[in-house]
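Accompanying notes for the structure given below.
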There are 4 protein chains.
Amino acid sequence: MSDSNELRVAVLGVGVMGADHVTRITSRISGARVTVVNDYVTEKAEQIASQIDGCRAIVDPLDAIADADVDAVVLATPGSTHEKQLLACLEHGKPVMCEKPLTTDVATSLDIVRREAALDRPLIQVGFMRRFDDEYMRLKALLDGGELGRPLVMHCVHRNAGVPSYFDSSLIVKDSLVHEVDVTRFLFDEEIASVQIVTPLSNPAAPEGVIDPQIAILRTVSGKHVDVELFVTTGVAYEVRTEVVGELGSAMIGLDVSLIRKSAPGTWGGHITPGFRERFGRAYDTEIQRWVDAVRAGINIDGPSAWDGYAAAAVCAAGVESLHTGLPVDVQLAERP
Amino acid sequence: MSDSNELRVAVLGVGVMGADHVTRITSRISGARVTVVNDYVTEKAEQIASQIDGCRAIVDPLDAIADADVDAVVLATPGSTHEKQLLACLEHGKPVMCEKPLTTDVATSLDIVRREAALDRPLIQVGFMRRFDDEYMRLKALLDGGELGRPLVMHCVHRNAGVPSYFDSSLIVKDSLVHEVDVTRFLFDEEIASVQIVTPLSNPAAPEGVIDPQIAILRTVSGKHVDVELFVTTGVAYEVRTEVVGELGSAMIGLDVSLIRKSAPGTWGGHITPGFRERFGRAYDTEIQRWVDAVRAGINIDGPSAWDGYAAAAVCAAGVESLHTGLPVDVQLAERP
Amino acid sequence: MSDSNELRVAVLGVGVMGADHVTRITSRISGARVTVVNDYVTEKAEQIASQIDGCRAIVDPLDAIADADVDAVVLATPGSTHEKQLLACLEHGKPVMCEKPLTTDVATSLDIVRREAALDRPLIQVGFMRRFDDEYMRLKALLDGGELGRPLVMHCVHRNAGVPSYFDSSLIVKDSLVHEVDVTRFLFDEEIASVQIVTPLSNPAAPEGVIDPQIAILRTVSGKHVDVELFVTTGVAYEVRTEVVGELGSAMIGLDVSLIRKSAPGTWGGHITPGFRERFGRAYDTEIQRWVDAVRAGINIDGPSAWDGYAAAAVCAAGVESLHTGLPVDVQLAERP
Amino acid sequence: MSDSNELRVAVLGVGVMGADHVTRITSRISGARVTVVNDYVTEKAEQIASQIDGCRAIVDPLDAIADADVDAVVLATPGSTHEKQLLACLEHGKPVMCEKPLTTDVATSLDIVRREAALDRPLIQVGFMRRFDDEYMRLKALLDGGELGRPLVMHCVHRNAGVPSYFDSSLIVKDSLVHEVDVTRFLFDEEIASVQIVTPLSNPAAPEGVIDPQIAILRTVSGKHVDVELFVTTGVAYEVRTEVVGELGSAMIGLDVSLIRKSAPGTWGGHITPGFRERFGRAYDTEIQRWVDAVRAGINIDGPSAWDGYAAAAVCAAGVESLHTGLPVDVQLAERP
């Protein structure tokens with residue numbers, strides 16, 4: 001590989017997720033390097049830039065996107081800034097890997113989809129990293145291979161030990177359910193028609209006013225049923241489990257039992273991966289490596305598209321609506337451009 | 001044990017289930033023997049009676065109940081005959097172990113409950129055998145011990161390889177869901193407030209006109225959420241799985257992995273128990289032994305009561321109603337006598 | 001069942017095991033009752049007898065065997081008394097279910113085998129209860145069905161949380177390994193040709209002078225290899241695991257994972273059955289029920305024979321010899337009468 | 001990262017393993033690129049070189065090592081050529097990642113160790129990739145954390161579906177057992193004192209004259225016991241399982257159950273990873289990334305050393321000797337330079 005085609009990446013937002021992406025691209029990804037970092041906490045960006053050969057901190061995110069030393073952009077900034085930054089990427093014709101959400105509302109997401117569609121090729125990939133996880137890929141292969149027949153039902157569990165203090169009831173839908181929405185669309189290759197949120201007895205350990213757990217019931221356009229337990233204050237660990245039930249059988253991933261220990265008197269067991277970084281760290285590596293390869297090959301995306309980001313947003317918006325009534329809410333999708 | 005207090009049992013109905021009970025009492029249960037059998041197919045009753053020392057076939061079920069040689073009764077007759085037979089048991093003051101359903105409708109079930117309540121002690125036990133299964137008992141002990149905190153959510157799976165040809169959509173509620181209804185009431189010690197039945201895309205292997213799978217969503221009086229996948233034509237095996245999620249953790253039973261085999265090229269796995277007799281055979285033994293012991297001790301029941309049978313019927317009736325609308329239906333229980 | 005053919009059993013030795021057998025026969029076994037109990041602690045025998053209708057305590061074990069009110073005998077006495085008691089049973093022609101060991105040395109075991117062989121039908125069954133355990137029976141069926149091809153290798157693990165203070169190094173062979181010896185002979189239907197005991201680094205928690213763990217290496221007559229980890233002071237729980245490796249695949253039992261719990265922060269797991277009574281309690285029930293049925297049917301044994309007891313003793317004697325040298329020791333079996 | 005310090009790697013030997021390393025370094029490893037490839041099949045080397053920017057094929061392996069465009073070397077050539085190539089690497093002062101075996105006999109391995117020791121810093125890393133596998137690293141961490149107490153016993157299983165036609169009985173020791181030898185030394189941090197190879201009944205599917213399965217019994221210097229089932233013609237899949245038993249508990253890795261499927265009638269299960277590339281592919285990635293990072297940081301090795309390669313060779317040589325006698329053979333290690 002000659003060094004002239006090594007991809008020069010700007011990483012915008014270097015919080016936990018963005019800093020992980022910087023480390024990833026610098027230390028484990030072939031064919032790319034970080035040339036620009038940006039964060040609204042400028043000291044943080046400067047501190048990170050100083051540790052990487054040939055990397056600068058740029059204060060204004062739009063300047064970072066426009067910079068001549070940048071071939072492609074990773075957005076790990078707050079969702080509220082995505083719209084403006086994505087539009088800048090489209091304007092400069094720069095491929096962008098955008099962490100979810102695409103934008104913070106359905107209308108602007110759709111606008112982004114339409115503006116990108118007006119170009120001759122896609123520029124935006126959305127960071128639904130589960131599509132790159134080994135277990136989900138094996139489950140997808142099993143379904144596509146027909147071994148389970150047509151899928152009819154799916155059961156999902158999404159549990160966190162805890163969440164940041166700013167979490168509220170609707171963030172459980174927009175930030176947690178959104179992953180299962182994408183998993184559903186990825187595994188079943190179809191859109192979601194309606195959402196219902198059922199609210200059981202709430203966990204006393206949940207922050208004041210936050211309804212947790214929540215049960216989401218999705219129905220796809222063809223009538224497949226998906227139920228999702230969302231429980232983000234379990235105090236236990238990070239647990240993500242998926243079971244698909246088809247006409248010919250069922251399959252489950254996520255039991256998380258790689259090392260079995262018997263040591264405390266009378267017990268057996270093991271450790272559950274503590275968080276999403278441990279559980280999906282390798283999926284992120286694969287996601288970024290494949291995105292880098294796609295950008296260098298000129299096809300720009302190899303993963304979820306802006307449309308996937310928009311569709312997930314539309315489903316979650318319906319979910320938030322249902323959160324208040326407990327009744328099923330239909331999802332209205334625009335025609336795909 | 002002197003032979004004067006060996007319990008003399010009449011078994012009414014000697015189809016698959018009743019014949020199992022006859023074998024059970026004759027061959028594996030201590031302190032009881034079958035003295036009378038009855039079936040509307042009289043040849044079958046006679047053939048069974050002829051193989052057991054001191055056992056007679058009696059043609060009329062009410063005569064069998066009344067017989068002087070009968071201390072207690074096992075009802076394994078069709079549900080439609082239960083009401084009359086239970087009333088006869090009450091009239092003669094004979095303890096009865098009644099296979100589910102108590103009766104075929106809510107009103108008559110309630111009537112039975114009230115008539116029994118007018119007596120000085122209970123006579124009727126209902127055959128919800130899962131309460132006697134080791135795994136359910138361990139799960140109940142875990143909950144009662146407080147290790148999971150207060151339960152908030154439960155996920156149940158109830159799958160059959162196939163069902164008899166007379167099965168219809170409402171029997172999936174009345175015959176399959178009824179077990180999960182009892183499991184819910186048993187594990188949580190509270191009544192169910194509402195039921196919703198969601199009907200996904202149906203399995204093409206299901207009989208014409210039968211909606212299968214179905215998803216039942218139960219809400220208990222205190223607000224606990226229970227979802228149940230009912231799928232009775234999977235073509236795979238008999239699978240019953242339960243996961244309880246509480247404030248402090250979760251627990252799952254039913255993974256069914258006692259023997260692990262690696263033999264076909266590239267695969268590992270094992271056999272799933274083919275049906276309820278294999279899965280719950282020992283629970284039936286325990287149920288009957290404990291019932292025999294209770295009757296001999298004069299307390300008559302050691303397990304689900306007539307009220308449990310009535311409450312399950314009321315929930316299932318609401319379920320059948322929801323089957324047609326897809327909306328939640330409230331359960332109306334009479335005051336407990 | 002008429003009461004005239006209910007089997008009248010004398011239970012000799014009412015320590016933990018014998019008392020369990022009394023409860024078992026009295027409360028859970030069909031067709032038998034305990035009419036006589038005996039123990040060298042006479043108060044214990046009397047106390048137990050007083051709780052059972054129609055049961056007497058008899059001070060002398062040989063009187064108990066000879067008693068006119070006794071049809072068959074269960075021996076749960078110390079092994080050192082077995083020879084005399086078994087000879088009395090043979091003399092009186094009374095079927096006997098003898099807890100292991102048959103006798104305490106190879107020569108007297110062989111003598112018992114030969115004296116019984118001189119009778120017209122067997123009288124002695126030996127208490128290797130694993131043959132009646134569901135998992136072992138399923139493994140045996142898998143092997144006999146040919147699904148794994150010819151077995152070549154077996155790995156066994158036998159762990160106790162702890163052992164009584166009188167345990168010494170050779171008891172680990174005679175009391176623990178003996179079960180795996182019988183399992184090997186049961187599953188493979190052939191004799192064992194040699195034994196080697198390897199002694200690793202010892203557990204500091206083992207009693208002074210006791211070598212624990214030990215590794216036993218058995219070779220069958222046809223050349224099959226069996227290794228057994230014997231570790232009786234683990235401090236964890238009772239763990240018994242068996243894996244058979246054949247020409248066409250392998251199978252494992254004993255992972256002991258029926259209830260999976262996730263509650264302590266970051267962990268998942270469950271409880272291991274604490275001891276042999278919990279692990280094999282049902283196997284004992286099945287063993288005794290089948291023995292009772294066999295005696296009542298006049299065939300007297302339905303399980304391991306005196307020869308099985310003798311062969312196990314011969315293998316264990318070779319094991320004790322190897323314990324001192326670490327070298328393989330050949331097993332010399334007499335011709336089977 | 002400036003391009004001046006990107007590591008330029010020569011890959012010698014581009015068979016299955018070497019070609020994987022070329023792909024790995026080119027597509028997934030950060031900070032390195034392949035500048036030279038070599039193979040005794042020159043067309044293969046040329047074909048691979050032609051697909052990579054800035055990469056040449058060089059016919060003579062020693063020329064490839066000496067090339068000015070090469071900073072470091074990966075040896076994936078046949079073991080018989082390693083000695084000469086390693087000496088060339090030492091002579092030119094170039095770091096080398098050498099696939100096992102270090103050399104094909106103990107004497108030359110020791111010579112390599114001594115010549116490297118005469119330098120001021122190490123140059124040779126040996127390709128025991130299991131040390132970089134997540135499960136082994138978690139097991140190592142568990143042991144080092146003291147949760148299991150001092151390890152006493154380890155059980156290993158090493159099964160292949162099949163092996164190439166040139167495999168013979170001693171290759172099972174030198175090519176398969178060698179991994180468990182390294183795992184033992186890695187997990188226990190001590191040398192192996194003796195080896196015994198037991199040969200059970202052989203698999204009829206094994207090639208003519210090949211003894212398979214074999215059981216290896218290792219004893220460490222402190223007295224820890226390790227047994228290893230080596231079975232390379234199972235016809236099933238690639239299975240690698242390890243259980244460590246310590247003073248305070250046990251732990252097992254390798255059950256390989258990430259996706260559980262229930263589809264064929266009456267069965268449950270999943271797929272076993274078919275071969276070492278699928279099972280340990282990520283361990284290879286980690287191994288090479290960490291080696292590249294170490295070489296670029298000037299410390300040259302971050303993994304098994306030449307001594308580890310020599311010690312494994314010495315144990316396997318003793319194993320081959322035991323293969324003929326079945327008796328334990330002591331391992332004689334030279335003093336570590």
Side-chain angles (χ1 to χ4, degrees), chain C residues 148-157 159 161 188 190 193-194 196-206 211-231 233-237 239 241 243 245-252 255 257 272 326-328, chain D residues 148-157 159 161 188 190 193-194 196-206 211-231 233-237 239 241 243 245-252 255 257 272 326-328:
Chain C
L148 303 184
R150 189 185 195 185
L152 304 173
V153 168
M154 180 160 69
H155 307 294
C156 303
V157 164
R159 299 181 191 142
F188 291 169
E190 63 173 307
S194 73
Q196 179 184 6
I197 305 286
V198 176
T199 53
L201 202 58
S202 200
N203 187 19
I211 301 169
D212 182 54
Q214 298 177 18
I215 307 294
I217 298 165
L218 312 179
R219 187 181 191 90
T220 69
V221 167
S222 74
K224 294 176 180 119
H225 170 90
V226 179
D227 48 49
V228 183
E229 178 203 317
L230 302 157
F231 192 177
T233 59
T234 65
V236 177
E239 300 174 60
R241 200 171 64 223
E243 181 179 27
V245 187
E247 295 166 0
L248 303 177
S250 63
M252 192 195 296
L255 279 181
V257 294
I272 312 172
L327 297 176
Chain D
L148 303 184
R150 189 184 194 185
L152 304 173
V153 168
M154 180 161 69
H155 307 294
C156 303
V157 163
R159 298 180 191 143
F188 291 168
E190 64 172 305
S194 73
Q196 179 183 7
I197 305 286
V198 175
T199 53
L201 202 58
S202 200
N203 186 19
I211 300 169
D212 182 53
Q214 297 177 18
I215 307 293
I217 298 166
L218 312 179
R219 187 183 191 88
T220 69
V221 167
S222 74
K224 296 178 179 114
H225 169 91
V226 179
D227 48 49
V228 183
E229 177 203 317
L230 302 157
F231 192 178
T233 60
T234 64
V236 177
E239 300 174 61
R241 199 169 65 224
E243 181 180 28
V245 187
E247 295 167 359
L248 302 177
S250 62
M252 192 195 294
L255 279 181
V257 293
I272 312 172
L327 297 175

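Owing to the predicted nature of the structure, the values given are computational and were not obtained by experimental measurement. Heavy atoms only: backbone and side chains are in, while hydrogens, waters and symmetry mates are out. So you know, we letter chains A, B, ... as the sequences are listed, proteins then strands, and number each from 1.
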Gap separating the CD1 atom of D:I217 from the CD1 atom of C:I217, nearest 0.5 angstrom:
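Here the rounded value is 3.0 Å.
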
About how many Å separate CZ of D:R159 and OG of C:S250, when rounded to the nearest 0.5 Å?
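Nearest 0.5 Å value for the OG-CZ distance: 4.0 Å.
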
With a 4.5 angstrom heavy-atom cut-off, which part of [X] approaches chain D: side chain, backbone, both or neither?
{"X": "C:V245", "result": "side chain"}
{"X": "C:S222", "result": "both"}
{"X": "C:P151", "result": "backbone"}

Might you point out which heavy atoms bring D:V153 and C:P213 nearest each other, and give the distance in Å?
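Heavy atoms only, the tightest pair is CG2-CG, 3.8 Å.
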
Taking all heavy atoms of C:P200 and all of D:L152, pick out the closest pair and write down the distance.
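Between these two residues, the closest heavy atoms are CB-O, 3.9 Å.
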
For the pair D:R150 (side chain) and C:P204 (backbone), establish whether a donor and an acceptor sit closer than 3.5 Å, ignoring hydrogens and angles.
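Side chain of D:R150 to backbone of C:P204: no pair is present.
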
Is it true that a side-chain atom of D:R219 and a backbone atom of C:T199 form a donor plus acceptor pair closer than 3.5 Å?
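Yes; judged by distance alone, with no hydrogens or angles, the pair exists.
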
Contact origin within D:N203 toward chain C - heavy atom pairs under 4.5 Å
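Its backbone and side chain both get close to chain C.
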
Contact check, side chains of C:E229 and D:H155, non-hydrogen atoms, under 4.5 Å
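Side-chain contact under 4.5 Å: yes.
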
Is there a side-chain contact between C:H225 and D:Q214, using heavy atoms and a 4.5 Å cut-off?
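No, their side chains stay 4.5 Å or more apart.
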
As an exercise: rank D:T220, D:T233, D:L201 by heavy-atom pairs under 4.5 Å with chain C and give me the winner.
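Winner by heavy-atom pair count: D:L201.
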
